[in-house]
Participant: 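Just dropping this structure here.
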Amino acid sequence: MPKSRYGAVLLTLCLVHPEAAVGQIQPIITDRPDFTESPFVVPVGSLQLETGITRETADGVTSLSGLEALLRWSPAARIEFRFQPPGYIGGGSAQGYTDIGLGAKVELGTIRAWSLGAIASVGVPTGSVETSAGTVEPQLILAAGRQFHGVWSLGTQASVARIGEADAVRVGSTLVAGRALTERVAAFIEVAVDRESGADTWSVLH
C-alpha cells in the first residue's frame, strides 16, 4: 500500500542528572525524526524525551498520529533503556491508542571510524483494538554512523522484526546523510526500504 509522508514535527527535551552535567555540555543526539537510529546512547544519568507528530496519506485517506514519544535513560556507560508510551492515531480508517514499546540500546564500539550500536525492543499489545498489533512484536536493529569534517554525518541501519499475529517478518534498511547548518539547526536526507513477508516492498525518500 503506497504511503506519502507529508510532514513531521520533532520536540526533544533532555533532562541531565546534575552529577553527569558537571564540567561537560554534550550535544543532544536524537533518534528522531529520521527512520535511522543513531549508534550512540544518551549521557550516563540523563533522561531524553523525543516526540513527534506525523501526517500520512494512503489511498486517499489521511491520518494524524502523535505524540510519537520515545523516552531514553542511561544508567551506565554504553547502554540505555527505552520506553515508548502509547500514542494516538486519528482521522483514518483505524483510530485509537497504539501499543507501548520497551527496549535497550548498546554501543558496540568503533570500526574504521564507524560507530556501531544495537537496539533490541519489543512492542507490547496494550493499545486499542483497531490500532494494536494484537501480539508481542520483537525487533532487532543494527545501526552505524560516522562524522565527516565536523558538519557532515552518514548513518545506516538494518532491522528485522516480527509483525502481527500472522507471524510475518519485516526486514528493512536505511541510509541517511545529515549536515549541521548552525549550532542548533541541521538538515538530512534519507532513503528507507522495508519488505514484509507476503507484501510489497515499501520505500520512502525522507
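The first residue in the sequence is number 1, and the count goes up from there. Only this structure's heavy atoms are used, side chains among them; waters, hydrogens and symmetry mates stay out.
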Participant: Flag the pair Thr135 / Asp167 as yes when at least one side-chain heavy-atom distance between them is below 4.5 Å, and no otherwise.
Facilitator: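 They are not in contact (no side-chain heavy atoms under 4.5 Å apart), so the answer is no.
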Participant: If hydrophobic clusters are built from ILVMFWY residues whose side chains come within less than 4.5 Å, do Val176 and Trp152 share one?
Facilitator: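 No; Trp152 is not reachable from Val176 via cluster members.
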Participant: Is there a side-chain contact between Thr201 and Val193, using heavy atoms and a 4.5 Å cut-off?
Facilitator: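 A side-chain contact exists here, since the closest heavy-atom pair is under 4.5 Å.
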Participant: Does any non-hydrogen side-chain atom of Tyr88 lie less than 4.5 Å from one of Leu64?
Facilitator: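 No, every pair of side-chain atoms sits at 4.5 Å or beyond.
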Participant: Measuring from atom CG of Asp34 to atom CD1 of Ile189, what distance do you get when rounded to the nearest 0.5 angstrom?
Facilitator: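 Here the rounded value is 12.0 Å.
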Participant: I would like to know whether Glu37 and Arg82 meet salt bridge (charged side-chain N to carboxylate O under 4.0 Å, His left out); could you show each step before the answer?
Facilitator: CA-CA 12 Å; Glu37 310 281 7; Arg82 301 155 68 88; 3.5 Å; yes
Participant: Between Glu107 and Ser115, do the side chains contain an N or O donor and an N or O acceptor separated by less than 3.5 Å?
Facilitator: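 No - no donor-acceptor pair under 3.5 Å links their side chains.
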Participant: Report whether Leu71 and Trp73 are members of the same hydrophobic cluster (ILVMFWY, side-chain heavy atoms less than 4.5 Å apart, transitive linking).
Facilitator: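 Yes, same cluster.
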Participant: Can you name the closest pair of heavy atoms from Ala143 and Gln157 and give their distance?
Facilitator: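 Taking Ala143 first and Gln157 second, the nearest heavy atoms are CA-CB, 4.1 Å.
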Participant: Does a side-chain heavy-atom distance below 4.5 Å link Lys105 with Ser38?
Facilitator: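 Yes, their side chains come closer than 4.5 Å.
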Participant: Thr62 versus Arg55: any side-chain heavy-atom pair under 4.5 Å?
Facilitator: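 A side-chain contact under 4.5 Å exists here.
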Participant: Which is it for Trp114 and Leu154 under the side-chain contact (heavy atoms from CB on, under 4.5 Å) test, yes or no, and what are the steps along the way?
Facilitator: CA-CA 9 Å; Trp114 285 87; Leu154 188 65; 3.7 Å; yes
Participant: How long is the straight-line distance from CG of Leu175 back to CZ of Phe35, given to the nearest 0.5 Å?
Facilitator: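 The CZ atom of Phe35 sits 13.5 Å away from the CG atom of Leu175.
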Participant: Which heavy atom of Ser46 sits nearest to which heavy atom of Pro43, and what is that distance?
Facilitator: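 So the minimum-distance heavy-atom pair works out to OG-O, 2.6 Å.
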Participant: Relative to each other, are the rings of Phe188 and His206 parallel, tilted or perpendicular (30° and 60° limits)?
Facilitator: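 Answer is perpendicular, since the angle exceeds 60°.
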Participant: Which residue, Arg32, Arg72, Gln84, forms the side chain to side chain donor-acceptor pair (under 3.5 Å) with Glu50?
Facilitator: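 Testing Glu50 for a side chain to side chain donor-acceptor pair (under 3.5 Å) against Arg32, Arg72, Gln84 leaves exactly one candidate, Arg72.
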Participant: Do Val169 and Val160 make a side-chain contact, defined as non-hydrogen atoms from C-beta onward lying under 4.5 Å apart?
Facilitator: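 Side chain of Val169 against side chain of Val160, heavy atoms only: contact under 4.5 Å found.
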Participant: Quick check for you: to the nearest 0.5 Å, what is the distance between Asp200 atom CG and Asp194 atom CG?
Facilitator: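 That separation rounds to 12.5 Å.
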Participant: Which pair of non-hydrogen atoms, one from Gln48 and one from Ile28, has the smallest distance, and what is that distance?
Facilitator: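 Result for this residue pair: OE1-CG2, 3.4 Å.
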Participant: How far does CZ of Arg170 sit from CZ of Arg162, to the nearest 0.5 angstrom?
Facilitator: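 Reported to 0.5 Å precision, the distance equals 13.0 Å.
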Participant: Within the distance-only criterion (no hydrogens, no angle test), does the side chain of Thr126 pair as donor or acceptor with the backbone N or O of Ile100 below 3.5 angstrom?
Facilitator: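 Pair found, side chain donor or acceptor close to backbone of Ile100.
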Participant: Compare every heavy atom of Pro138 with every heavy atom of Val136, then report the nearest pair and how far apart it is.
Facilitator: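 Closest approach of Val136 to Pro138, heavy atoms only: O-CD, 3.6 Å.
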Participant: If you group Ile, Leu, Val, Met, Phe, Trp and Tyr by side-chain heavy-atom gaps below 4.5 Å, do Ile111 and Val106 land in one group?
Facilitator: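 Yes; Val106 is reachable from Ile111 via cluster members.
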Participant: What closest approach, in Å, do Ala186 and Ala180 show between heavy atoms, and which atom pair accounts for it?
Facilitator: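 Looks like CB-CA, 4.0 Å.
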Participant: Check whether any side-chain heavy atom of Phe83 lies under 4.5 Å from a side-chain heavy atom of Leu70, and answer yes or no.
Facilitator: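 Answer no - side chains too far apart.
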Participant: For Thr182 and Val185, indicate whether the former's side chain and the latter's backbone hold a donor-acceptor pair under 3.5 Å.
Facilitator: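 Yes: the side chain of Thr182 pairs with the backbone of Val185.
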Participant: Please lay out, stage by stage, how Leu140 and Ile119 fare under the test side-chain contact (heavy atoms from CB on, under 4.5 Å).
Facilitator: CA-CA 6 Å; Leu140 178 63; Ile119 302 173; over 6 Å; no
Participant: I'd like to check Val42 versus Ile29 (side-chain heavy atoms, cut-off strictly below 4.5 Å). Are they in contact?
Facilitator: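 Not touching, per the 4.5 Å side-chain cut-off.
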Participant: Once you round to the nearest 0.5 Å, how far does CG of Leu108 lie from CG of Leu116?
Facilitator: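 So the CG of Leu108 and the CG of Leu116 are separated by 6.0 Å.
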Participant: Is it true that the side chains of Thr98 and Thr131 contain a donor and an acceptor less than 3.5 Å apart?
Facilitator: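 No, no side-chain donor-acceptor pair sits under 3.5 Å.
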Participant: Can you spot which of Val122, Ile163, Val124 makes a side-chain contact (heavy atoms from CB on, under 4.5 Å) with Glu137?
Facilitator: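 For Glu137, the side-chain contact (heavy atoms from CB on, under 4.5 Å) test succeeds with only one of Val122, Ile163, Val124, which is Ile163.
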Participant: Is there a path from Phe81 to Leu47 through hydrophobic residues (I, L, V, M, F, W, Y) whose side chains come within less than 4.5 Å of each other?
Facilitator: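 Shared cluster, yes.
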Participant: Establish, from distance only, whether the side-chain atoms of Ser132 and Asp99 form a donor-acceptor pair under 3.5 Å.
Facilitator: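 Note: Ser132 and Asp99 side chains meet the donor-acceptor criterion.
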Participant: Measure the spacing between OH of Tyr97 and CD of Glu130 and express it to the nearest 0.5 Å.
Facilitator: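 Reported value, rounded in 0.5 Å steps: 13.5 Å.
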Participant: Taking all non-hydrogen atoms of both residues, which atom of Gly91 and which atom of Val61 are closest, and how far apart?
Facilitator: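 Heavy atoms of Gly91 and Val61 come nearest at O-CG1, 4.4 Å.
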Participant: For a quick check under 3.5 Å, do Thr36 and Glu190 share a side-chain donor-acceptor pair by atom type?
Facilitator: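 Yes, because at least one side-chain N or O of Thr36 sits under 3.5 Å from a partner of the opposite role on Glu190.
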